[in-house]
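Worksheet: the structure to be examined is printed underneath.
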Amino acid sequence: MNQQRIRMDQKIQTMATRLSKSLDVNMRKSFLPDERKSLRRFSSMEVAQILGVSQDFLRKMFFEDKLNLGDIETDARGRRFYTAEQIDIARHEIARSSTKFQHIVPRRRDKEQIQIISIANFKGGAGKTTTAIHLAQKLALDGYRVLAIDLDPQASMTTMFGFRPEIDFPEAGTVYDALRYEDPIPFSDVVRKTYFYNLDLAAAGLLLSEFETETAHALKNNIRPPFYQRLALCINEVETDYDIVVIDCPPQLGFTTLSALVASTSLVVTVIPSMLDVASMAQFLQLTSSLMATIADVGASPDWDFMRFLITRFEPNDGPQTQMAAFLRTMFTDDVLTQPFLKSSAVSDSGLTQQTLFEIARTDFHRQTYDRAIESINGVVAEIENLITTAWGRK
């Protein structure tokens with residue numbers, strides 16, 4: 001029996017090694033020459049949409065030399081393409097040109113609290129990471145300074161940013177190093193710039209799973225600060241550098257997720273509109289309520305600005321899904337975001353190369369497919385952005 005177990009261990013190790021090497025080869029092919037991701041440039045039409053101005057206005061600003069953007073890439077037909085950094089520079093210069101455009105610079109102002117949004121669900125496959133990374137990227141494009149925190153040891157968000165946790169962070173370099181109980185390092189040491197302008201990342205890796213087992217020991221020995229304060233204290237260290245934090249929680253309600261919920265100012269729960277997923281969410285809510293009540297007894301209950309349910313992987317032509325979505329809206333009314341995150345081949349196909357819809361060009365897909373998907377994502381982010389600005393007291 002023992003020999004059989006050893007042979008199975010060896011077989012699993014062989015499979016893991018083969019898969020890791022294959023993924024590494026795929027990553028190298030996708031991101032040559034420097035094996036790190038880079039963000040594409042955006043067309044004038046996309047820039048105008050991002051900034052909320054007309055293409056004619058953008059063209060006028062450009063030809064009147066009111067936009068000091070440096071070298072602008074043009075194609076054979078003379079069409080201009082802008083980097084994300086150039087878009088942000090244009091945003092600030094347009095805002096300075098007239099008071100009526102000051103709203104296009106949305107960064108938080110004096111006395112406005114940093115917004116920390118946890119994206120959570122009890123089970124995997126509910127679009128949690130897809131939602132978190134698209135939300136973080138769109139908010140960054142919209143002009144906010146964003147920090148993405150990957151709290152899932154599976155590190156799917158980290159991988160989407162072009163990192164291989166088992167290679168890039170085999171022993172150090174993840175959020176675990178700042179959360180751990182023994183010799184934690186400053187949180188700023190694990191936050192890294194990404195290829196996406198205005199968007200930084202605190203990466204995850206398998207070592208993050210150690211936080212669960214270590215917390216049990218820490219609770220027994222009354223090690224301070226307690227687990228539910230540690231992430232909040234980390235974010236406090238870098239708070240002045242950001243407007244919004246987006247946290248991708250692990251798909252279970254353990255100590256790591258609870259630390260995120262306590263640190264957060266708001267919560268978005270993703271849910272696929274199916275009976276099994278809604279039943280799972282019901283369990284998630286029951287357990288969350290129980291655990292948060294326990295934490296509240298020690299004075300650590302969070303005071304969220306908002307909590308919303310987001311319907312994900314939604315297929316409008318699927319009758320049972322439509323019925324379940326209607327059920328959720330009847331049950332929770334305004335606590336369900338109006339715009340669902342549609343299931344789309346554009347999202348799944350771009351994910352094959354660890355990319356989001358903001359990283360690929362419209363011309364890479366059937367235009368109607370791409371437009372439906374990007375309209376869905378933009379609608380979700382716009383709703384959340386409205387909740388953020390309302391929390392800041394701007395509306």
Side-chain angles (χ1 to χ4, degrees), residues 45-46 49-50 52 117-139 141-142 156-157 160 246 248-249 251 266-285 306-388:
M45 180 183 72
E46 290 176 307
Q49 291 173 342
I50 291 170
I117 307 171
S118 278
I119 313 297
N121 192 284
F122 201 48
K123 63 193 294 289
K128 181 176 55 61
T129 298
T130 303
T131 298
I133 193 166
H134 279 92
L135 174 62
Q137 290 186 349
K138 183 59 168 67
L139 289 171
L141 282 175
D142 286 347
S156 297
M157 175 186 269
M160 287 289 285
V246 177
D248 185 20
C249 297
S266 53
L267 172 66
V268 174
V269 180
T270 59
V271 56
I272 298 174
S274 72
M275 183 59 72
L276 287 176
D277 285 272
V278 172
S280 175
M281 186 183 73
Q283 293 178 329
F284 172 81
L285 295 176
F306 62 86
M307 173 183 172
R308 292 293 187 275
F309 298 97
L310 169 62
I311 296 173
T312 58
R313 300 179 64 81
F314 182 58
E315 300 181 75
N317 296 325
D318 186 312
Q321 276 207 359
T322 302
Q323 291 177 4
M324 186 55 69
F327 168 77
L328 287 170
R329 296 190 188 283
T330 301
M331 185 69 59
F332 298 120
T333 61
D334 292 341
D335 289 327
V336 181
L337 292 175
T338 303
Q339 177 68 56
F341 197 146
L342 297 180
K343 182 177 181 179
S344 172
S345 58
V347 175
S348 56
D349 289 352
S350 61
L352 292 175
T353 52
Q354 287 84 48
Q355 291 180 293
T356 68
L357 283 191
F358 300 117
E359 299 174 59
I360 56 177
R362 184 170 178 251
T363 53
D364 292 338
F365 290 91
H366 188 284
R367 290 190 175 184
Q368 287 185 339
T369 301
Y370 180 87
D371 288 346
R372 277 195 302 269
I374 203 72
E375 181 181 357
S376 165
I377 293 168
N378 287 342
V380 170
V381 177
E383 279 194 72
I384 295 175
E385 193 170 345
N386 183 62
L387 291 167
I388 290 170

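For this chain, numbers begin at 1 and follow the sequence in order.
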By side-chain hydrogen bond (donor to acceptor under 3.5 Å, both in side chains), which residues pair with Thr130, not counting sequence neighbours?
none
I'd like to know if the side chain of Thr356 pairs up with that of Glu359 as donor and acceptor (distance under 3.5 Å, no hydrogens or angles considered).
yes
Taking the side chain as C-beta and beyond, is there a heavy-atom pair between Phe309 and Leu285 under 4.5 Å?
yes
Throw together a table of side-chain donor-acceptor distances under 3.5 angstrom for residues 326-338, partners on residues two or more places apart or in other chains.
from   : atom 1 : to     : atom 2 : distance (Å)
Arg329 : NH1    : Leu337 : O      : 2.8
Arg329 : NH2    : Leu337 : O      : 3.4
Arg329 : NH2    : Thr338 : O      : 3.1
Thr330 : OG1    : Ala326 : O      : 2.9

Test of understanding: with salt bridge (Lys or Arg N to Asp or Glu O under 4.0 Å), list the residues that count as partners of Arg313, not counting sequence neighbours.
none
Can you name the residues that form a side-chain hydrogen bond (donor to acceptor under 3.5 Å, both in side chains) with Asp371, not counting sequence neighbours?
Arg362
Restricting to pairs with a member in residues 372-388, which pass side chain to side chain donor-acceptor pair (under 3.5 Å), not counting sequence neighbours?
Tyr144-Glu385, Asn386-Lys395
Residue pairs involving residues 342-355 (criterion salt bridge (Lys or Arg N to Asp or Glu O under 4.0 Å); sequence neighbours excluded):
Glu315-Lys343
Option among Ile311, Thr129, Thr131, Asp277 that satisfies the side-chain contact (heavy atoms from CB on, under 4.5 Å) test with Thr270:
Thr131
Treating Thr312 as the side-chain partner and Ala126 as the backbone partner, does any N or O pair qualify as donor plus acceptor under 3.5 Å?
yes
Main-chain N/O of Pro316 paired to Thr322 side chain as donor or acceptor, under 3.5 Å:
yes
Could you check whether any side-chain heavy atom of Val380 comes within less than 4.5 Å of a side-chain heavy atom of Leu135, counting everything from C-beta outward?
no
Check whether Tyr370 reaches the backbone of Ala361 with its side chain - one donor and one acceptor, N or O, closer than 3.5 Å.
no
Ser280 (side chain) donor-acceptor with Leu276 (main chain) under 3.5 angstrom
no
